[in-house]
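All values below come from the heavy atoms of this structure, side chains included, with hydrogens, waters and symmetry mates left out. Letters A, B, ... mirror the listed sequences (proteins, then strands); counts begin at 1.
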Protein chains: 2
Amino acid sequence: MQPQPFHDHDHSHCTGDVMARAEAVTAASGARMTPVRRRVLEILLEEHRALGAYDVLQRLSAEGFGNQPPVAYRALEFLVDQGLAHRIQRLNAFTACMHPGTSHAPAFLICRSCNTVAEAPVAPVRAALDAAAAELGFAVERANIEALGLCPACGETA
Amino acid sequence: MQPQPFHDHDHSHCTGDVMARAEAVTAASGARMTPVRRRVLEILLEEHRALGAYDVLQRLSAEGFGNQPPVAYRALEFLVDQGLAHRIQRLNAFTACMHPGTSHAPAFLICRSCNTVAEAPVAPVRAALDAAAAELGFAVERANIEALGLCPACGETA
DNA sequence: CTATGTATGTAATATCATAACACGTCAAGA
DNA sequence: TCTTGACGTGTTATGATATTACATACATAG
């Protein structure tokens, strides 16, 4: 398990470590980590929050990249395809994957107070879901699990 | 457990039974089941699929109700608040709750082939999720669990 | 009957997402 | 070397989803 965003941490480690793994992942798959794509991942990594495509776009265009929606959506789609980012359906937003390269189905913990997004270990959840679905003859291929609640910090405050 | 949409069933039973329960639920909570709201629920009940707000709106306006988005969104929001319908984030769409009145967190099984949506018993899944979240100090309040896959009928065909 | 809260109608607009096409670059093969 | 084709990026235009704000109607309690 990677360090969790919920706790104090040296954030530059997240960024550096994940970026390094991202370069490795793309190199391994033959995909090209271009400047826009790299920059988008960096932008997502700057915060443990989900950013909307238009948020990302705004930063991109401020830095001289294109300023039309497809620029952001394409880069984000690439990152999601590569397993380097996740889409948070509930928020219509995207977040960097904090442990790329390790195969995993996503389970997201979204703090309704500070909007931080963390990924939780999902194996047991997934097993329970598969079992429940199998009862009905349904074969689960992909699952989105998004939990809304309070992170440790915000839970204390409240 | 209510009859599952995946199997052959007398659909008028779904509709009639659920509508009756819906009237009971709203009466009990003091909420008003108005014509638009009732009609929207009926529309959702006509199929075991998720319908977009604009799909619903189109049918409403064809029947003489208002033809602006808020008409549909408000009725849908009401139904969701009352636990009579669910929002499927993944599809930006809504589906009737097939067992209103019984408290439940939702877990949806969405067939990627025929778009049927079923609700699966979720208690064990939810327990696993709560446990995983608790490890990280996160308190889950609401969880969205949406699984994409193949329903029994479409699974056989493939 | 009238005051009040709630529901509905409507216009306008915000937000999220994609289709379609043009242009540039780079690498593989004729 | 030249060409060709795949891919990435830029841009225009549009589509799809959702909300704000305000006006009107309507039911019910007082």
Side-chain angles (χ1 to χ4, degrees), chain A residues 22-23 26-27 29-44 49-82 84-95 110 115 144 146, chain B residues 22-23 26-27 29-44 49-82 84-95 110 115 144 146:
Chain A
E23 303 281 354
T26 50
S29 76
R32 304 199 333 223
M33 180 58 93
T34 63
V36 205
R37 293 168 174 176
R38 179 175 297 109
R39 189 65 195 117
V40 168
L41 182 52
E42 286 169 358
I43 288 168
L44 291 181
R49 290 192 306 116
L51 293 180
Y54 280 71
D55 295 333
V56 171
L57 179 58
Q58 197 172 325
R59 306 200 197 193
L60 285 179
S61 82
E63 297 174 19
F65 293 100
N67 64 345
Q68 297 302 312
V71 172
Y73 280 102
R74 285 194 290 232
L76 289 165
E77 184 187 23
F78 171 85
L79 295 173
V80 170
D81 286 348
Q82 296 292 314
L84 301 174
H86 297 293
R87 178 174 213 138
I88 309 293
Q89 306 276 358
R90 176 156 204 118
L91 305 175
N92 292 323
F94 300 82
T95 187
I110 308 164
N115 286 307
N144 273 105
E146 301 179 359
Chain B
E23 302 283 353
T26 50
S29 77
R32 300 189 350 214
M33 180 57 93
T34 63
V36 207
R37 293 167 174 177
R38 179 176 297 109
R39 190 65 196 116
V40 169
L41 182 52
E42 286 169 359
I43 288 169
L44 291 181
R49 292 193 304 116
L51 293 181
Y54 281 73
D55 295 333
V56 171
L57 179 60
Q58 196 172 323
R59 307 200 196 193
L60 286 179
S61 82
E63 296 175 20
F65 294 99
N67 65 346
Q68 297 300 314
V71 172
Y73 281 102
R74 284 194 290 231
L76 289 165
E77 183 187 23
F78 171 84
L79 295 172
V80 170
D81 285 349
Q82 296 291 316
L84 301 173
H86 298 293
R87 178 175 213 138
I88 310 292
Q89 305 278 356
R90 176 160 203 115
L91 305 175
N92 291 321
F94 300 83
T95 188
I110 308 164
N115 285 308
N144 272 107
E146 302 178 358

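With values rounded to the nearest 0.5 angstrom, A:Leu57 atom CG is found 6.5 Å from A:Asn67 atom CG.
Protein atom OH of B:Tyr54 is 11 Å distant from nucleotide atom C1' of D:dG15, rounded to whole Å. B:Leu51 places its CG atom 16 Å from the P atom of D:dA16, with the value rounded to the nearest Å. Atom-to-atom, CD of B:Gln89 to P of C:dC16 comes out at 13 Å; the value is rounded to the nearest Å. Spacing between atom CZ of B:Arg90 and atom C1' of C:dC16 amounts to 17 Å, rounded to whole angstrom units. Across the protein-nucleic acid pair, B:Asp81 atom CG and C:dA7 atom P stand 11 Å apart, rounded to whole Å. With rounding to whole Å, A:Glu77 atom CD is found 18 Å from C:dC16 atom P. Rounded to an integer number of Å, the gap from CD of A:Gln58 to C1' of C:dA14 is 15 Å. Across the protein-nucleic acid pair, A:Asp55 atom CG and C:dC16 atom C1' stand 11 Å apart, rounded to whole Å.
Taking a 4.0 Å limit (strictly below) on heavy-atom distances, residues 60-71 of chain B reaches DNA chain C at B:Gly66, B:Gln68, B:Pro70, B:Val71.
At the phosphate of D:dA18, OP1 or OP2 sits under 4.0 Å from a side-chain N or O atom of B:Tyr73. When the side-chain nitrogen and oxygen atoms of B:Asn92 are compared with OP1 and OP2 of D:dA18, one or more of them lie within a distance under 4.0 Å. Neither OP1 nor OP2 of C:dT18 sits under 4.0 Å from any side-chain N or O of A:Arg74. The side chain of A:Arg87 places an N or O atom within less than 4.0 Å of a non-bridging phosphate oxygen (OP1 or OP2) of C:dA17.
Listed here is the closest heavy atom pair of B:Ala72 and B:Ala53: CB-O, 3.5 Å. For B:Phe78 against B:Arg32, the heavy-atom pair with the smallest separation is CZ-O, 3.5 Å. The shortest heavy-atom contact between B:Arg87 and B:Glu146 is O-OE2, 4.0 Å.
Ion pairing between a basic and an acidic side chain is recognised when a charged N comes within 4.0 Å of a carboxylate O; A:Arg38 and A:Glu23 show such pairing. A salt bridge links B:Arg39 with B:Glu42: the distance from a Lys NZ or Arg NE/NH1/NH2 to an Asp or Glu carboxylate oxygen falls below 4.0 Å.
Among A:Leu44, A:Ile88, A:Leu51, the one residue that satisfies the side chain to side chain contact (heavy atoms under 4.5 Å, CB included) test with A:Thr95 is A:Ile88.
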Exercise. Going through the checks in order, is the side-chain contact (heavy atoms from CB on, under 4.5 Å) test met by A:Arg37 and A:Thr26?
Worked result: CA-CA 11 Å; A:Arg37 293 168 174 176; A:Thr26 50; over 6 Å; no

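Side-chain contact between B:Asn144 and A:Gln89 is absent, with no heavy atoms from C-beta onward closer than 4.5 Å.
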Readout for nucleotides 24-30 of chain D: B = base within 4.0 Å of protein heavy atom, S = sugar-phosphate only, - = neither; 5' to 3' it is -------

